[in-house]
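These numbers come from a predicted model, not from an experiment.
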Amino acid sequence: MCFMCYPATRYMRSRNIFTLWKRTMACSSAQKRGVGGIYPPIATPFTPKEEVDYEKLEENVQKYAKIPFRGLVVQGSNGEFPFLSVEERVEVVQHVRRALPRDKLVMAGSGCESTQATVRMTERMVQAGADAVLVVTPCFYRGRMDTRALIHHYTQVADSSPVPVVLYSVPANTGLELPVEAVVTLSQHPNIVGLKDSGGDITRMALITHKTRGSGFQLLAGSAGFLLAAYAVGAVGGVCALANVLGPQLCQLERLCLSGSWEAARELQGRLIEPNAAVTRKFGVAALKRAMGWFGYHGGECRSPLRPLSEAEAEQLREGFSSNGWL
């Protein structure tokens, strides 16, 4: 059995074993760990004083554990990770790992602006219990984040990471799209297993799956709004904000796509587009958290400077769900 079939944290104590793992992974890209499936990028609940509410976090995780997700993404964009301290980011992952059954994957966001900080954060996330890491593109100096710089960055992170690395392109937040040329090059790295693409360009996704075929590289759709289309061009799953509130429905859409039931999948996909747009590009995290409350989860407020929805915005959000039969 290959190294990746075991929990990575068992191997953190030994540099010799880590070195052996790197050699094993280099022998065959076919050994890349499969990350296919549906993941909610979970929200971070806060108290009225804007402290992380770990009790409510664990209650959400326990509810998500009953849904047939492949795992949870922790400290993604919907987790408000830019507003959390290093210690909070690590502690959130620790609490999620303790509350989640071991057969569910924890994919932790470890991206930082510098390569050195990302390497260190990745190590801490693994120590906290992460099974894989999701690494967003550094973007503050986006004018210099060309293909060469990004390949160097991700290669350094993947070389040092004890767990698989998933690339993360989210141009709506970073103003930077991970170039296809960089993705194709990085797909050959034995410890880079896939890409979460939130840009929504289906032709780009199709090109990536075409150019990386045979390498074991896996594409995850970054939004529920184009999940069916992504599956149609070769995606293996999705990291979807809407899964925080309509998790069973997203898992059902996955099953329909995988079974080739395209007519039923199109019908379901159509009913998910408006609510998905409302909790992502239209109103963002505040809307996601409001909707979570309607479906029995703990959303609560955002951390400043994000502000809650106005009543008019909340009414538009509700309409997006109710007009499609979800409320």
Side-chain angles (χ1 to χ4, degrees), residues 4 6-13 18 33 35 37-47 50-65 67 69-114 116-136 157-158 160-168 170 191 193-194 196 220 239-241 243-244 247 285 288-289 292 297-300 302-303:
M4 294 312 299
Y6 294 91
T9 50
R10 295 181 185 177
Y11 293 86
M12 285 300 295
R13 299 184 183 92
F18 176 47
R33 183 173 191 169
V35 293
I38 301 299
Y39 304 76
I42 63 173
T44 304
F46 295 109
T47 69
E50 297 192 4
E51 299 296 326
V52 179
D53 192 330
Y54 292 105
E55 180 179 350
K56 294 294 190 293
L57 172 67
E58 292 189 11
E59 289 179 10
N60 283 344
V61 171
Q62 289 164 4
K63 292 179 180 179
Y64 291 141
I67 299 172
F69 293 133
R70 179 66 191 280
L72 305 181
V73 166
V74 190
Q75 296 306 298
S77 301
N78 288 283
E80 297 174 71
F81 79 88
F83 298 162
L84 271 61
S85 69
V86 170
E87 291 72 21
E88 286 174 326
R89 289 178 68 178
V90 173
E91 191 168 356
V92 166
V93 173
Q94 289 174 334
H95 279 264
V96 171
R97 180 70 278 175
R98 284 199 296 264
L100 193 68
R102 287 301 315 182
D103 64 334
K104 304 279 189 178
L105 297 183
V106 171
M107 189 183 300
S110 65
C112 302
E113 280 300 303
S114 77
Q116 183 182 78
T118 303
V119 167
R120 290 176 178 172
M121 180 64 80
T122 297
E123 292 173 351
R124 294 196 64 178
M125 289 302 187
V126 175
Q127 291 167 357
D131 302 296
V133 290
L134 182 68
V135 182
V136 70
V157 173
S160 66
S161 175
V163 298
V165 172
V166 176
L167 312 175
Y168 182 18
V170 55
N191 200 29
V193 299
K196 177 195 173 186
L220 296 170
V239 180
C240 307
N244 282 283
V285 180
L288 176 64
K289 287 189 163 185
M292 287 173 65
Y297 301 99
H298 300 291
C302 297
R303 181 171 273 184

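- Within the 4.5 Å cutoff, side-chain heavy atoms of Leu105 are placed close to those of Arg33.
- Between Asn191 and Ser161, some side-chain heavy-atom pair lies under the 4.5 Å cut-off.
- Residues Val126 and Pro162 share a closest heavy-atom pair of CG2-CD, 4.1 Å.
- Annotation for Gly129 and Arg97: closest pair O-CD, 3.1 Å, computed over non-hydrogen atoms.
- Two residues are said to be in side-chain contact when any heavy atoms from C-beta on lie closer than 4.5 Å; Val285 and Glu80 meet this criterion.
- Here the closest heavy-atom approach between residue Gln94 and residue Ala128 is recorded as CG-CB, 3.5 Å.
- The closest side-chain heavy-atom distance from Leu57 to Ile42 is below 4.5 Å.
- Nearest heavy-atom pair, Lys289 versus Phe46, reported as atom, atom and distance to 0.1 Å: NZ-CD1, 3.4 Å.
- Using a 4.0 Å cut-off between charged side-chain N and carboxylate O, Lys104 and Asp131 make no salt bridge.
- One distance of note links CD of Gln116 with OG of Ser114; it measures 5.5 Å at 0.5 Å rounding.
- Residues Ser77 and Tyr168 meet the side-chain proximity criterion, which asks for heavy atoms closer than 4.5 Å.
- Distance check, rounded to the nearest 0.5 Å: CG of Leu220 to CE of Met107 gives 6.0 Å.
- Distance check, rounded to the nearest 0.5 Å: CD of Gln127 to CZ of Arg124 gives 7.5 Å.
- Enclosure of atom CZ in Arg120 is not indicated, since only 12 or fewer non-hydrogen atoms of other residues, nucleotides or ligands lie within 6.0 angstrom.
- For the pairing with Met125, the side-chain contact (heavy atoms from CB on, under 4.5 Å) check across Val93, Val163, Leu134 returns one residue only, Val93.
- Put simply, the side chain of Arg89 gets close to the backbone of Gly109: a donor and an acceptor are under 3.5 Å apart.
- Remark: side-chain polar atoms of Thr118 are paired, donor with acceptor, to backbone N or O of Cys112 under 3.5 angstrom.
- Looking only at side-chain heavy atoms (C-beta outward), Leu84 and Gln75 come within less than 4.5 Å of each other.
- Looking at Val92 and Tyr54, their side chains come closer than 4.5 Å, going by heavy atoms from C-beta outward.
- Looking only at side-chain heavy atoms (C-beta outward), Leu72 and Tyr39 stay at 4.5 Å or farther from each other.
- Between the side chain of Asn244 and the main chain of Pro41, a donor-acceptor pair closer than 3.5 Å is present.
- Residue Ser110 comes nearest to Thr122 through the heavy atom pair OG-OG1, 2.9 Å, listed as atom of the first residue, atom of the second, then distance.
- For Asn60 (side chain) and Tyr297 (main-chain N/O), no donor-acceptor pair under 3.5 Å exists by modelled atom type.
- Across all their heavy atoms, Glu59 and His298 have their closest contact at OE1-NE2, 2.5 Å.
- No donor-acceptor pair closer than 3.5 Å links the side chain of Lys56 to the backbone N or O of Thr44.
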